[in-house]
Number of protein chains: 2
Amino acid sequence: MALAHAILVTLLDSPSSGYDLARQFDGAVGFFWQASHQQIYRELAKLEASGIITSETVLQETRPNKKLYAITDRGTAMLTEWLHTPSDLSPIKDDLLVKLFGGHLVEPTVLLQELRQHRKQHQTRLVEYQAIEERFFPDVEALSPKALYQYLTLRNGIQYEQGWLKWCEEALSTLQPLATSNAEE
Amino acid sequence: MALAHAILVTLLDSPSSGYDLARQFDGAVGFFWQASHQQIYRELAKLEASGIITSETVLQETRPNKKLYAITDRGTAMLTEWLHTPSDLSPIKDDLLVKLFGGHLVEPTVLLQELRQHRKQHQTRLVEYQAIEERFFPDVEALSPKALYQYLTLRNGIQYEQGWLKWCEEALSTLQPLATSNAEE
DNA sequence: TGGTCCATGTAAAACGTTACATGATTCC
DNA sequence: GGAATCATGTAACGTTTTACATGGACCA
(Lines give C-alpha, C1' and ligand atoms only; values in the text may rest on other atoms or scores of the structure.)
Protein backbone atom coordinates (compact mmCIF):
# COMPACT_ATOMS: atom_id res chain seq x y z
CA MET A 1 0.00 0.00 0.00
CA ALA A 2 2.85 2.32 0.74
CA LEU A 3 4.25 2.38 -2.80
CA ALA A 4 0.76 3.31 -4.00
CA HIS A 5 0.80 6.39 -1.81
CA ALA A 6 4.23 7.44 -2.99
CA ILE A 7 3.03 7.16 -6.60
CA LEU A 8 -0.12 9.13 -5.87
CA VAL A 9 1.64 12.08 -4.24
CA THR A 10 3.95 12.18 -7.24
CA LEU A 11 1.03 12.17 -9.69
CA LEU A 12 -0.50 15.00 -7.70
CA ASP A 13 2.36 17.15 -8.95
CA SER A 14 1.85 16.26 -12.62
CA PRO A 15 0.53 13.43 -14.79
CA SER A 16 3.36 11.05 -15.59
CA SER A 17 4.19 7.87 -17.45
CA GLY A 18 5.69 4.87 -15.67
CA TYR A 19 9.03 5.90 -17.06
CA ASP A 20 8.66 9.47 -15.75
CA LEU A 21 7.75 8.11 -12.33
CA ALA A 22 10.77 5.83 -12.30
CA ARG A 23 12.98 8.85 -12.93
CA GLN A 24 11.30 10.87 -10.19
CA PHE A 25 11.85 7.98 -7.82
CA ASP A 26 15.52 8.28 -8.71
CA GLY A 27 15.37 12.02 -8.02
CA ALA A 28 13.35 14.13 -5.62
CA VAL A 29 10.94 11.39 -4.53
CA GLY A 30 14.00 9.26 -3.85
CA PHE A 31 14.67 11.38 -0.73
CA PHE A 32 12.03 9.30 0.99
CA TRP A 33 11.00 6.39 -1.22
CA GLN A 34 12.70 4.13 -3.72
CA ALA A 35 11.12 1.80 -6.23
CA SER A 36 12.24 0.07 -9.40
CA HIS A 37 10.48 0.44 -12.72
CA GLN A 38 9.11 -3.12 -12.43
CA GLN A 39 7.39 -2.29 -9.19
CA ILE A 40 6.04 0.95 -10.59
CA TYR A 41 4.55 -0.57 -13.75
CA ARG A 42 2.85 -3.33 -11.79
CA GLU A 43 1.47 -0.93 -9.22
CA LEU A 44 0.20 1.42 -11.96
CA ALA A 45 -1.70 -1.45 -13.59
CA LYS A 46 -3.26 -2.35 -10.25
CA LEU A 47 -4.18 1.24 -9.41
CA GLU A 48 -5.77 1.77 -12.81
CA ALA A 49 -7.78 -1.45 -12.49
CA SER A 50 -9.28 -0.19 -9.24
CA GLY A 51 -10.07 3.28 -10.56
CA ILE A 52 -7.59 5.20 -8.45
CA ILE A 53 -5.76 6.52 -11.48
CA THR A 54 -6.60 6.80 -15.21
CA SER A 55 -4.35 6.67 -18.23
CA GLU A 56 -4.32 8.39 -21.56
CA THR A 57 -2.12 7.11 -24.38
CA VAL A 58 0.09 9.79 -25.91
CA LEU A 59 1.27 9.03 -29.44
CA GLN A 60 4.81 10.15 -30.21
CA GLU A 61 6.62 10.20 -33.51
CA THR A 62 10.29 9.69 -32.85
CA ARG A 63 9.83 7.96 -29.51
CA PRO A 64 7.74 5.07 -28.22
CA ASN A 65 4.18 6.00 -27.31
CA LYS A 66 3.53 6.44 -23.66
CA LYS A 67 0.70 6.17 -21.18
CA LEU A 68 0.19 9.27 -19.08
CA TYR A 69 -1.35 8.48 -15.74
CA ALA A 70 -3.32 10.92 -13.61
CA ILE A 71 -5.00 10.61 -10.24
CA THR A 72 -8.84 10.35 -10.20
CA ASP A 73 -11.26 11.83 -7.67
CA ARG A 74 -11.47 8.42 -6.06
CA GLY A 75 -7.68 8.41 -5.84
CA THR A 76 -7.60 11.83 -4.24
CA ALA A 77 -10.24 10.74 -1.73
CA MET A 78 -8.25 7.62 -0.87
CA LEU A 79 -5.04 9.60 -0.49
CA THR A 80 -6.74 12.17 1.71
CA GLU A 81 -8.07 9.44 3.94
CA TRP A 82 -4.58 7.98 4.30
CA LEU A 83 -3.15 11.40 5.16
CA HIS A 84 -5.55 11.44 8.09
CA THR A 85 -4.33 8.05 9.36
CA PRO A 86 -1.33 8.26 11.74
CA SER A 87 1.82 6.40 10.67
CA ASP A 88 4.36 4.60 12.82
CA LEU A 89 7.99 5.61 12.76
CA SER A 90 9.55 4.00 9.74
CA PRO A 91 11.74 0.97 10.41
CA ILE A 92 15.49 1.19 9.90
CA LYS A 93 17.40 -1.48 8.02
CA ASP A 94 21.01 -0.66 7.59
CA ASP A 95 23.66 -3.05 6.30
CA LEU A 96 26.56 -0.92 7.47
CA LEU A 97 25.37 -1.06 11.06
CA VAL A 98 24.89 -4.83 10.86
CA LYS A 99 28.48 -5.01 9.67
CA LEU A 100 29.74 -2.86 12.51
CA PHE A 101 27.92 -5.03 15.03
CA GLY A 102 30.03 -7.97 13.86
CA GLY A 103 33.02 -5.81 12.93
CA HIS A 104 35.42 -7.40 15.42
CA LEU A 105 35.52 -10.46 13.12
CA VAL A 106 37.67 -8.66 10.54
CA GLU A 107 40.72 -6.40 10.58
CA PRO A 108 39.82 -2.80 11.48
CA THR A 109 40.95 -1.50 8.09
CA VAL A 110 38.07 -3.31 6.40
CA LEU A 111 35.38 -1.28 8.13
CA LEU A 112 37.48 1.88 8.15
CA GLN A 113 37.58 1.66 4.37
CA GLU A 114 33.85 1.12 4.19
CA LEU A 115 33.19 4.01 6.55
CA ARG A 116 35.30 6.30 4.37
CA GLN A 117 33.35 5.17 1.34
CA HIS A 118 30.04 5.89 3.05
CA ARG A 119 31.23 9.26 4.26
CA LYS A 120 32.08 10.14 0.69
CA GLN A 121 28.67 9.08 -0.60
CA HIS A 122 26.80 10.98 2.09
CA GLN A 123 28.95 14.00 1.35
CA THR A 124 28.05 13.78 -2.34
CA ARG A 125 24.35 13.58 -1.57
CA LEU A 126 24.50 16.46 0.84
CA VAL A 127 26.10 18.67 -1.78
CA GLU A 128 23.40 17.68 -4.29
CA TYR A 129 20.63 18.42 -1.84
CA GLN A 130 22.13 21.77 -0.90
CA ALA A 131 22.38 22.69 -4.57
CA ILE A 132 18.67 21.94 -4.99
CA GLU A 133 17.92 24.03 -1.93
CA GLU A 134 19.78 27.04 -3.31
CA ARG A 135 18.40 26.73 -6.81
CA PHE A 136 14.75 25.97 -6.12
CA PHE A 137 14.11 27.28 -2.63
CA PRO A 138 16.12 30.48 -2.31
CA ASP A 139 13.37 32.35 -0.49
CA VAL A 140 11.47 30.21 1.99
CA GLU A 141 9.16 33.05 2.99
CA ALA A 142 7.87 33.29 -0.57
CA LEU A 143 6.95 29.63 -1.04
CA SER A 144 3.40 28.46 -1.75
CA PRO A 145 2.02 25.99 0.81
CA LYS A 146 2.58 23.13 -1.63
CA ALA A 147 6.20 24.11 -2.23
CA LEU A 148 6.70 24.57 1.49
CA TYR A 149 5.67 20.99 2.23
CA GLN A 150 8.01 19.69 -0.43
CA TYR A 151 10.79 21.91 0.82
CA LEU A 152 10.47 20.23 4.21
CA THR A 153 11.11 16.81 2.69
CA LEU A 154 14.31 18.22 1.21
CA ARG A 155 15.26 19.70 4.59
CA ASN A 156 14.78 16.26 6.09
CA GLY A 157 17.19 14.82 3.54
CA ILE A 158 19.76 17.50 4.36
CA GLN A 159 19.40 16.87 8.08
CA TYR A 160 19.72 13.14 7.50
CA GLU A 161 22.91 13.40 5.48
CA GLN A 162 24.48 15.84 7.91
CA GLY A 163 23.74 13.44 10.76
CA TRP A 164 25.35 10.56 8.91
CA LEU A 165 28.42 12.61 8.09
CA LYS A 166 28.84 13.61 11.70
CA TRP A 167 28.50 10.00 12.81
CA CYS A 168 30.94 8.77 10.15
CA GLU A 169 33.54 11.20 11.48
CA GLU A 170 32.95 10.00 15.01
CA ALA A 171 33.10 6.32 14.02
CA LEU A 172 36.29 6.87 12.02
CA SER A 173 38.11 8.56 14.86
CA THR A 174 36.86 5.96 17.33
CA LEU A 175 38.08 3.04 15.22
CA GLN A 176 41.30 4.53 13.89
CA PRO A 177 43.29 3.66 17.05
CA LEU A 178 42.45 -0.02 16.47
CA ALA A 179 44.28 -0.04 13.13
CA THR A 180 47.94 -0.20 14.18
CA SER A 181 50.70 0.82 11.79
CA ASN A 182 48.91 0.64 8.47
CA ALA A 183 49.38 2.97 5.53
CA GLU A 184 45.95 3.31 4.01
CA GLU A 185 43.79 5.78 2.11
CA MET B 1 20.19 -12.45 2.50
CA ALA B 2 20.26 -9.40 4.67
CA LEU B 3 18.14 -10.85 7.47
CA ALA B 4 20.53 -13.79 7.53
CA HIS B 5 23.45 -11.46 8.25
CA ALA B 6 21.60 -9.68 11.01
CA ILE B 7 20.87 -13.05 12.64
CA LEU B 8 24.47 -14.18 12.28
CA VAL B 9 26.02 -11.12 13.94
CA THR B 10 23.55 -11.58 16.78
CA LEU B 11 24.50 -15.25 17.20
CA LEU B 12 28.13 -14.19 17.27
CA ASP B 13 27.38 -12.55 20.58
CA SER B 14 25.82 -15.65 22.11
CA PRO B 15 23.92 -18.79 21.05
CA SER B 16 20.22 -18.02 21.08
CA SER B 17 16.83 -19.55 20.45
CA GLY B 18 14.42 -18.10 17.91
CA TYR B 19 12.58 -16.52 20.77
CA ASP B 20 15.76 -14.93 22.17
CA LEU B 21 16.57 -13.56 18.74
CA ALA B 22 13.09 -12.09 18.38
CA ARG B 23 13.61 -10.22 21.63
CA GLN B 24 17.02 -8.96 20.60
CA PHE B 25 15.49 -7.71 17.37
CA ASP B 26 13.08 -5.76 19.55
CA GLY B 27 16.00 -4.37 21.54
CA ALA B 28 19.59 -3.56 20.65
CA VAL B 29 19.58 -5.16 17.20
CA GLY B 30 16.42 -3.18 16.50
CA PHE B 31 18.59 -0.04 16.21
CA PHE B 32 19.43 -1.19 12.72
CA TRP B 33 17.26 -4.16 11.77
CA GLN B 34 13.72 -5.31 12.47
CA ALA B 35 12.17 -8.72 11.92
CA SER B 36 9.15 -10.58 13.23
CA HIS B 37 9.39 -13.96 14.92
CA GLN B 38 7.85 -15.65 11.89
CA GLN B 39 10.60 -14.33 9.67
CA ILE B 40 13.23 -15.35 12.17
CA TYR B 41 12.00 -18.93 12.55
CA ARG B 42 11.81 -19.40 8.80
CA GLU B 43 15.27 -17.98 8.26
CA LEU B 44 16.73 -20.13 11.06
CA ALA B 45 15.34 -23.30 9.45
CA LYS B 46 16.88 -22.26 6.13
CA LEU B 47 20.25 -21.39 7.64
CA GLU B 48 20.39 -24.67 9.52
CA ALA B 49 19.51 -26.63 6.38
CA SER B 50 22.49 -25.08 4.60
CA GLY B 51 24.95 -25.66 7.45
CA ILE B 52 25.48 -22.02 8.36
CA ILE B 53 24.18 -22.53 11.87
CA THR B 54 23.57 -25.61 14.09
CA SER B 55 21.02 -26.19 16.80
CA GLU B 56 21.05 -28.04 20.08
CA THR B 57 17.83 -28.81 21.90
CA VAL B 58 17.84 -27.68 25.51
CA LEU B 59 15.36 -29.50 27.75
CA GLN B 60 13.73 -27.33 30.38
CA GLU B 61 11.49 -28.33 33.25
CA THR B 62 9.14 -25.48 33.96
CA ARG B 63 9.34 -23.98 30.50
CA PRO B 64 9.01 -25.28 26.95
CA ASN B 65 12.16 -26.85 25.54
CA LYS B 66 14.11 -24.67 23.23
CA LYS B 67 16.53 -24.94 20.34
CA LEU B 68 19.73 -23.03 20.87
CA TYR B 69 21.30 -21.98 17.61
CA ALA B 70 24.98 -21.23 17.13
CA ILE B 71 27.00 -20.13 14.13
CA THR B 72 29.21 -22.77 12.45
CA ASP B 73 32.67 -22.31 10.92
CA ARG B 74 31.01 -22.17 7.53
CA GLY B 75 28.72 -19.48 8.87
CA THR B 76 31.60 -17.43 10.20
CA ALA B 77 33.41 -17.77 6.88
CA MET B 78 30.32 -16.62 5.01
CA LEU B 79 29.83 -13.68 7.35
CA THR B 80 33.48 -12.67 7.06
CA GLU B 81 33.24 -12.72 3.30
CA TRP B 82 30.18 -10.49 3.44
CA LEU B 83 31.97 -8.07 5.78
CA HIS B 84 34.57 -7.66 3.06
CA THR B 85 31.95 -6.83 0.42
CA PRO B 86 31.10 -3.11 0.22
CA SER B 87 27.45 -2.19 0.81
CA ASP B 88 25.43 0.56 -0.81
CA LEU B 89 23.81 3.25 1.30
CA SER B 90 20.63 1.82 2.68
CA PRO B 91 17.42 2.97 1.03
CA ILE B 92 15.03 5.24 2.89
CA LYS B 93 11.31 4.58 2.97
CA ASP B 94 9.45 6.98 5.11
CA ASP B 95 5.68 7.32 5.26
CA LEU B 96 5.75 10.65 7.06
CA LEU B 97 7.76 12.25 4.26
CA VAL B 98 5.41 10.83 1.62
CA LYS B 99 2.59 12.44 3.56
CA LEU B 100 4.35 15.78 3.71
CA PHE B 101 4.96 15.71 -0.03
CA GLY B 102 1.20 15.60 -0.54
CA GLY B 103 0.44 17.57 2.63
CA HIS B 104 -1.20 20.50 0.85
CA LEU B 105 -4.23 18.24 0.23
CA VAL B 106 -5.33 18.41 3.86
CA GLU B 107 -5.71 21.09 6.54
CA PRO B 108 -2.35 22.01 8.12
CA THR B 109 -3.44 20.78 11.55
CA VAL B 110 -3.50 17.18 10.30
CA LEU B 111 0.21 17.04 9.64
CA LEU B 112 1.05 19.30 12.57
CA GLN B 113 -0.58 16.72 14.83
CA GLU B 114 1.34 13.91 13.19
CA LEU B 115 4.61 15.80 13.45
CA ARG B 116 4.02 16.34 17.18
CA GLN B 117 3.34 12.64 17.58
CA HIS B 118 6.55 11.73 15.77
CA ARG B 119 8.56 14.23 17.77
CA LYS B 120 7.29 12.58 20.93
CA GLN B 121 8.22 9.10 19.74
CA HIS B 122 11.71 10.14 18.66
CA GLN B 123 12.15 11.87 21.99
CA THR B 124 11.21 8.66 23.83
CA ARG B 125 13.67 6.61 21.83
CA LEU B 126 16.44 9.10 22.34
CA VAL B 127 15.98 8.95 26.10
CA GLU B 128 16.08 5.13 25.98
CA TYR B 129 19.23 5.12 23.92
CA GLN B 130 20.93 7.62 26.18
CA ALA B 131 20.02 5.49 29.20
CA ILE B 132 21.71 2.49 27.55
CA GLU B 133 24.73 4.62 26.79
CA GLU B 134 25.13 5.70 30.40
CA ARG B 135 24.49 2.27 31.86
CA PHE B 136 26.52 0.06 29.54
CA PHE B 137 29.11 2.35 28.01
CA PRO B 138 30.14 4.76 30.77
CA ASP B 139 33.83 4.61 29.88
CA VAL B 140 34.48 4.48 26.14
CA GLU B 141 38.25 4.33 26.60
CA ALA B 142 37.92 1.06 28.50
CA LEU B 143 35.82 -0.82 25.94
CA SER B 144 36.99 -4.02 24.24
CA PRO B 145 37.11 -3.82 20.43
CA LYS B 146 33.91 -5.86 20.21
CA ALA B 147 32.07 -3.57 22.62
CA LEU B 148 33.46 -0.55 20.80
CA TYR B 149 31.93 -1.65 17.49
CA GLN B 150 28.59 -2.22 19.15
CA TYR B 151 28.81 1.10 20.93
CA LEU B 152 29.10 2.79 17.55
CA THR B 153 25.80 1.31 16.41
CA LEU B 154 24.20 2.83 19.50
CA ARG B 155 25.86 6.16 18.76
CA ASN B 156 24.37 6.01 15.29
CA GLY B 157 20.92 5.53 16.80
CA ILE B 158 21.45 8.52 19.07
CA GLN B 159 22.63 10.69 16.19
CA TYR B 160 19.66 9.56 14.12
CA GLU B 161 17.09 10.41 16.76
CA GLN B 162 18.68 13.77 17.48
CA GLY B 163 18.56 14.60 13.78
CA TRP B 164 14.88 13.70 13.57
CA LEU B 165 14.05 15.77 16.62
CA LYS B 166 15.83 18.77 15.22
CA TRP B 167 13.99 18.40 11.92
CA CYS B 168 10.61 17.93 13.64
CA GLU B 169 11.14 21.24 15.44
CA GLU B 170 12.02 22.95 12.19
CA ALA B 171 9.05 21.43 10.34
CA LEU B 172 6.65 22.39 13.13
CA SER B 173 7.74 26.00 13.20
CA THR B 174 7.67 26.19 9.40
CA LEU B 175 4.13 24.83 9.18
CA GLN B 176 2.61 26.50 12.20
CA PRO B 177 1.98 29.80 10.36
CA LEU B 178 -0.23 27.89 7.88
CA ALA B 179 -2.65 26.86 10.61
CA THR B 180 -4.70 30.02 11.13
CA SER B 181 -6.75 30.54 14.26
CA ASN B 182 -7.04 26.98 15.52
CA ALA B 183 -6.94 25.85 19.12
CA GLU B 184 -5.09 22.56 19.03
CA GLU B 185 -2.79 20.39 21.12
C1' DT C 1 29.14 0.28 -33.87
C1' DG C 2 28.53 0.70 -29.25
C1' DG C 3 26.32 3.08 -25.45
C1' DT C 4 22.63 5.75 -23.42
C1' DC C 5 17.88 7.35 -23.45
C1' DC C 6 13.04 6.42 -24.11
C1' DA C 7 9.34 3.20 -23.01
C1' DT C 8 6.97 -0.98 -21.30
C1' DG C 9 6.56 -5.12 -19.70
C1' DT C 10 6.89 -10.75 -17.86
C1' DA C 11 8.43 -14.33 -14.56
C1' DA C 12 10.54 -16.40 -10.73
C1' DA C 13 12.45 -16.13 -6.36
C1' DA C 14 13.13 -13.96 -2.04
C1' DC C 15 11.42 -11.45 1.61
C1' DG C 16 7.84 -9.45 4.73
C1' DT C 17 3.13 -9.20 6.95
C1' DT C 18 -0.97 -10.97 8.97
C1' DA C 19 -3.56 -14.39 10.90
C1' DC C 20 -3.96 -18.76 13.06
C1' DA C 21 -2.48 -22.35 16.46
C1' DT C 22 -0.88 -24.45 20.92
C1' DG C 23 0.15 -24.83 25.84
C1' DA C 24 2.41 -24.43 30.45
C1' DT C 25 3.86 -20.91 33.91
C1' DT C 26 3.96 -16.84 36.39
C1' DC C 27 2.38 -12.46 37.98
C1' DC C 28 -1.41 -9.31 39.45
C1' DG D 1 -9.57 -15.42 36.70
C1' DG D 2 -7.02 -12.91 33.16
C1' DA D 3 -2.92 -11.15 31.07
C1' DA D 4 1.84 -11.54 30.09
C1' DT D 5 5.93 -14.40 29.29
C1' DC D 6 8.20 -18.35 27.33
C1' DA D 7 8.57 -21.09 23.15
C1' DT D 8 7.78 -22.70 18.36
C1' DG D 9 5.68 -23.08 14.43
C1' DT D 10 2.22 -23.21 9.69
C1' DA D 11 -0.34 -20.95 5.89
C1' DA D 12 -1.81 -17.51 2.96
C1' DC D 13 -1.00 -13.50 1.05
C1' DG D 14 1.41 -9.32 -0.41
C1' DT D 15 5.63 -6.81 -1.69
C1' DT D 16 10.29 -6.39 -3.41
C1' DT D 17 14.22 -7.85 -5.99
C1' DT D 18 16.57 -9.85 -9.82
C1' DA D 19 16.85 -11.36 -14.29
C1' DC D 20 15.15 -11.50 -18.84
C1' DA D 21 13.09 -9.29 -23.00
C1' DT D 22 12.28 -5.91 -26.84
C1' DG D 23 13.19 -2.12 -30.02
C1' DG D 24 13.73 2.50 -32.21
C1' DA D 25 16.33 7.12 -31.77
C1' DC D 26 20.29 9.64 -30.97
C1' DC D 27 25.10 10.65 -30.06
C1' DA D 28 30.21 10.06 -30.27
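The chains referred to below are lettered A, B, ... by the order of the sequence lines, with proteins before strands, and numbering in each begins at 1.
- Shown here are the ring pair (Phe, Tyr, Trp, His ring centres under 6.0 Å) partners of B:H118, two or more places apart in sequence or in another chain: there are none.
- For DNA chain D, the residues of residues 43-51 of chain A within the heavy-atom distance limit of 4.0 Å (strictly under) are A:K46, sorted by number.
- Annotation: ring-ring contact (aromatic ring centres under 6.0 Å, His included) contacts involving residues 46-95 of chain B, sequence neighbours excluded, comprise B:H5-B:W82.
- When the ring pair (Phe, Tyr, Trp, His ring centres under 6.0 Å) test is applied to B:Y129, the partners found at least two apart in sequence or on another chain are B:F31.
- Scanning for side chain to side chain contact (heavy atoms under 4.5 Å, CB included) contacts around A:E134 gives an empty result, with sequence neighbours left out.
- Contact check of residues 5-28 of chain A against DNA chain D (heavy atom, cut-off under 4.0 Å) returns no residues at all.
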Taking N or O atoms only and anything under 3.5 Å, show me the protein contacts with nucleotides 21-24 of chain D, one pair per line.
none

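- Near-neighbour residues of DNA chain D inside residues 82-99 of chain A, defined by a heavy atom below 4.0 Å, are absent.
- Contacts of B:Y19 classified as ring pair (Phe, Tyr, Trp, His ring centres under 6.0 Å), with partners at least two apart in sequence or in another chain: none.
- Listed by chain and residue number, B:L126, B:Q130, B:I158 satisfy the side chain to side chain contact (heavy atoms under 4.5 Å, CB included) test with B:Q162 (two or more places apart in sequence, or in another chain).
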Dot-bracket encoding of pairs in DNA chain D, which uses [ ] for pseudoknotted crossings and | for another strand, Watson-Crick or G-U under 3.5 angstrom
||||||||||||||||||||||||||||

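- Residues satisfying the ring pair (Phe, Tyr, Trp, His ring centres under 6.0 Å) test with A:F136, not counting sequence neighbours, are none.
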